[in-house]
2 protein chains.
Amino acid sequence: MSEMRRPTMTDVAREVGVTAKTVSRVLNDEGPVAVETRERVMAAVRRLGYRPNLMARNIRVGARDAAIGLVIPELGNPFFGTVADGVESAVRARGLTLIVGTSDETADLEQSLIATFLGRRVSALMVVPAAASDHRHLRSERMAGLPIVFLDRPAVGLTADCVVSANRDGSRAGVAHLIAHGHRRIGFVGDLPATLYTRRERFQGYRDALTAAGLPFDRSLVETGHSVEAATLATQRLLDRDDPPTALFTGNNFASMGAVVALSRAGRRDVALVAFDDLPLAEALEPPLTAVAQDPAAVGTAAAELVLARLDGDRSKARRAIVPTRLVVRGSGELPPPTP
Amino acid sequence: MSEMRRPTMTDVAREVGVTAKTVSRVLNDEGPVAVETRERVMAAVRRLGYRPNLMARNIRVGARDAAIGLVIPELGNPFFGTVADGVESAVRARGLTLIVGTSDETADLEQSLIATFLGRRVSALMVVPAAASDHRHLRSERMAGLPIVFLDRPAVGLTADCVVSANRDGSRAGVAHLIAHGHRRIGFVGDLPATLYTRRERFQGYRDALTAAGLPFDRSLVETGHSVEAATLATQRLLDRDDPPTALFTGNNFASMGAVVALSRAGRRDVALVAFDDLPLAEALEPPLTAVAQDPAAVGTAAAELVLARLDGDRSKARRAIVPTRLVVRGSGELPPPTP
DNA sequence: TTGTAGGCGTTATCAT
DNA sequence: ATGATAACGCCTACAA
């Protein structure tokens, strides 16, 4: 089982008794080729197990790699996984290949992945920015015409295309829903760091809703936890207050899970809850969870389509696409406040 | 903002007044280079924003692409997403890049993705086989020495490395747990198609446990649903029987969610349940869900390590690695059967 | 219908 | 310590 060199186009050509160019023509259905020649070439291709070398093909004159680089914080998180899935399907449908790297939410890894992808001469770059990252270093690439699209969070220090969820608007609607059901003290459980774009936007939506209803903002009703456990504790702190909130709004899926766990552990079925980001078992919870659902697949495909448009020559100025959220009413968000 | 050609090694060389080869030497720390030359080259590299073209390098070296191809049914499913995440981290730590494609559980897409990856001359192939796929076509690649590792499900028609969960053993333990708590009629809710490897194995584990306990196998207690909705209905059918089971064992996460939803809707807190595959909110359910947890990240990293070992020259015969499962006791699996 | 020449960006080989 | 030349596998452009 020796490590043999793979057959090349020239090998196939020699086998048939023609030139590499003829084999190339057959394989690419390009130009006129005698029927018999074509058949003999195809036969030799099969016999030798020849596969065209895509790397070699891509290297020709200025062509970029028929691949798109995607940098994402993690794939295990269903939100990001679904985003990646949306990207992959859209990109594959166009005959492009997807190269993926996870940044683990660190700017360093993100940068080094981007550098690797640029070295491969990817046709475009799609990035879900890590929490504390900066994208000035991509300015020259942008100017050189490389399509770059940011997902879920906008670029920092760079004007570029970007696709995000309707974070602020969705949160506002979710909190307004609680207010419409009579709540006046609504706790906010968010993730960390508080500087993260999505966190800020959702928090703003929370404040927008309070303002619109003429309710006061009480900073002490804002808690933070960057994991399920931390969010569980954060929720418990809110519940244990002398003047606890009658409703909770959670700012991301970990916070939501934490809140659900905390309420469940405390045996509290009387605290209203609206979660930003839907959860898989939402309808099996007690009470069933009312949520502001994002559409991660749509974020992925929208971003991919933006990229494809750019690859097709769209040179219009950078735009920001906003993917709407949807309030899914199931029960937990419609619980009334206790009557005093 | 003109579409400029990217600077090449020759551009850098000209800028410095040397030859491309010298630049190459500097960049690859290869052979002797005058300190001063090295510095001038590095300066020019920075000034021009030069990045080595990895495609061109690979083509010259004749080496395979420093990338690994991963074919997976979908990325949105947290199980597969986490597998992919495990693969990516391990592979990246070795300086390799991950190329991903989703097969949507169809053999055709799987094959075409594999063909694309092979065309790119990936260094290794990692595949989570689609439900109805066949891998005889990969025999020649295997013989040519290409590392190929299958994940979650073994290859069909091909002897190759493979990393799977302890499906049969885990199921046996889960069902034995129910039996130990006094149950004698245990329903099985599985996914489709019933020919799928994981489904078969887990079903075997179910039967193993019954046999070991001397309990009869009742085919009518076996139901199937390939989505949450279908599994919900399947569970309802079991619950609505004249002689319903007193406990349920679910064979995958969709089946588990369906069972949880069905029990929740029916208001049944008396039916014991052990789920194969843990769920995110398991501990917030009522009662908290007892589950046979898989370790998808470990499946991914184990597979990646197998691949890396092969790339390092390990020529030993194909092996099958089995990643253990863990029974997580939370409550739903410890409910006793009703006392008659 | 098919072939030849040349080049893509890099590195191997052999000189200088 | 550096350079010149060829080669990797493929494609474009232009013959024949």
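In what follows, every heavy atom counts, from backbone to side chain, and hydrogens, waters and symmetry copies are set aside. Worth saying up front: this structure is predicted, and the values here are computed from it rather than measured. Per chain, numbering begins at 1; letters A, B, ... match sequence-line order.
- In terms of the side chain to side chain donor-acceptor pair (under 3.5 Å) criterion, B/Arg139 has no residue partners (sequence neighbours excluded).
- In this model, the phosphate group of D/dG3 is approached by a side-chain N or O of B/Thr22 to a distance below 4.0 Å at OP1 or OP2.
- Every residue was checked against the ring pair (Phe, Tyr, Trp, His ring centres under 6.0 Å) condition with A/Phe80, not counting sequence neighbours, and none meets it.
- In this structure, B/Gln111 has no side chain to side chain donor-acceptor pair (under 3.5 Å) partners at least two apart in sequence or on a different chain.
- A heavy atom lying under 4.0 Å from DNA chain D marks none of the residues of residues 38-49 of chain A.
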Contacts under 3.5 angstrom, residues 83-92 of chain B side chains, donor-acceptor by atom type, not counting sequence neighbours:
residue, atom, partner, partner atom, Å
B/Asp85, OD2, A/Leu75, N, 2.7
B/Asp85, OD2, A/Gly76, N, 3.0
B/Glu88, OE1, A/Thr102, N, 3.4
B/Glu88, OE1, A/Thr102, OG1, 2.5
B/Glu88, OE1, B/Arg92, NE, 3.3
B/Glu88, OE1, B/Arg92, NH2, 3.1
B/Glu88, OE2, A/Thr102, N, 3.1
B/Glu88, OE2, B/Arg92, NE, 3.0
B/Ser89, OG, B/Asp85, O, 2.9
B/Arg92, NH2, A/Thr102, O, 3.3
B/Arg92, NH2, A/Thr102, OG1, 3.2

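- Contact record, A/Gln294 with A/Ser165: OE1-OG, 2.7 Å, taken as the closest heavy-atom pair.
- In this structure, the CE atom of A/Met55 is 14 Å from the P atom of C/dT10, given to the nearest Å.
- Following rounding to the nearest Å, A/Asn58 (CG) and C/dT10 (P) show an atom-to-atom distance of 15 Å.
- Scanning for side chain to side chain donor-acceptor pair (under 3.5 Å) contacts around A/Ser133 gives A/Glu110, A/His135, with sequence neighbours left out.
- Checking side-chain atoms of A/Thr8 against main-chain N and O of A/Thr10 turns up a donor-acceptor pair under 3.5 Å.
- Contacts classified as salt bridge (Lys or Arg N to Asp or Glu O under 4.0 Å) and involving residues 58-80 of chain B (residues at least two apart or in different chains) are given here: A/Arg120-B/Asp65.
- Scored by the salt bridge (charged side-chain N to carboxylate O under 4.0 Å, His left out) test, B/Asp314 finds B/Arg310, B/Arg319 as partners (sequence neighbours excluded).
- Nearest nucleotide to the B/Lys21 side chain, out of D/dT12, C/dA12, C/dT4: C/dA12.
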(request) Could you walk me through whether A/Arg94 and A/Glu305 pass salt bridge (Lys or Arg N to Asp or Glu O under 4.0 Å), step by step? (result) CA-CA 10 Å; A/Arg94 249 312 248 294; A/Glu305 273 155 22; over 6 Å; no
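- Defining each end axis of the helix from C/dT1-D/dA16 to C/dT16-D/dA1 as the rotation carrying four pairs' C1' atoms onto the next four, with five pairs an end, the two axes are found to diverge by 40° to 10 degrees.
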Provide a list of protein-nucleic acid N or O atom pairs under 3.5 angstrom, restricted to nucleotides 14-16 of chain D.
none

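- Considering CG of B/Leu158 and CZ of B/Arg142, their distance stands at 6.5 Å, rounded to 0.5 Å.
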Do any N or O atoms of the protein come closer than 3.5 Å to N or O atoms of nucleotides 7-10 of chain D, and which pairs are they?
residue, atom, partner, partner atom, Å
D/dA7, N3, B/Arg60, NH1, 2.9
D/dC8, O2, B/Arg60, N, 3.4
D/dC10, OP1, A/Tyr50, OH, 2.5
D/dC10, OP1, A/Asn53, N, 3.0
D/dC10, OP2, A/Met9, N, 2.6

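- With sequence neighbours excluded, no residue satisfies ring pair (Phe, Tyr, Trp, His ring centres under 6.0 Å) with B/Phe79.
- If you check D/dG3, D/dA1, D/dT12 against the side chain of B/Val18, the one that comes closest is D/dG3.
- Remark: B/Leu138 CG to B/Ile148 CD1 distance equals 4.5 Å, nearest 0.5 Å.
- Rounding to whole angstrom units, CD of residue B/Glu30 and C1' of D/dG3 are separated by 14 Å.
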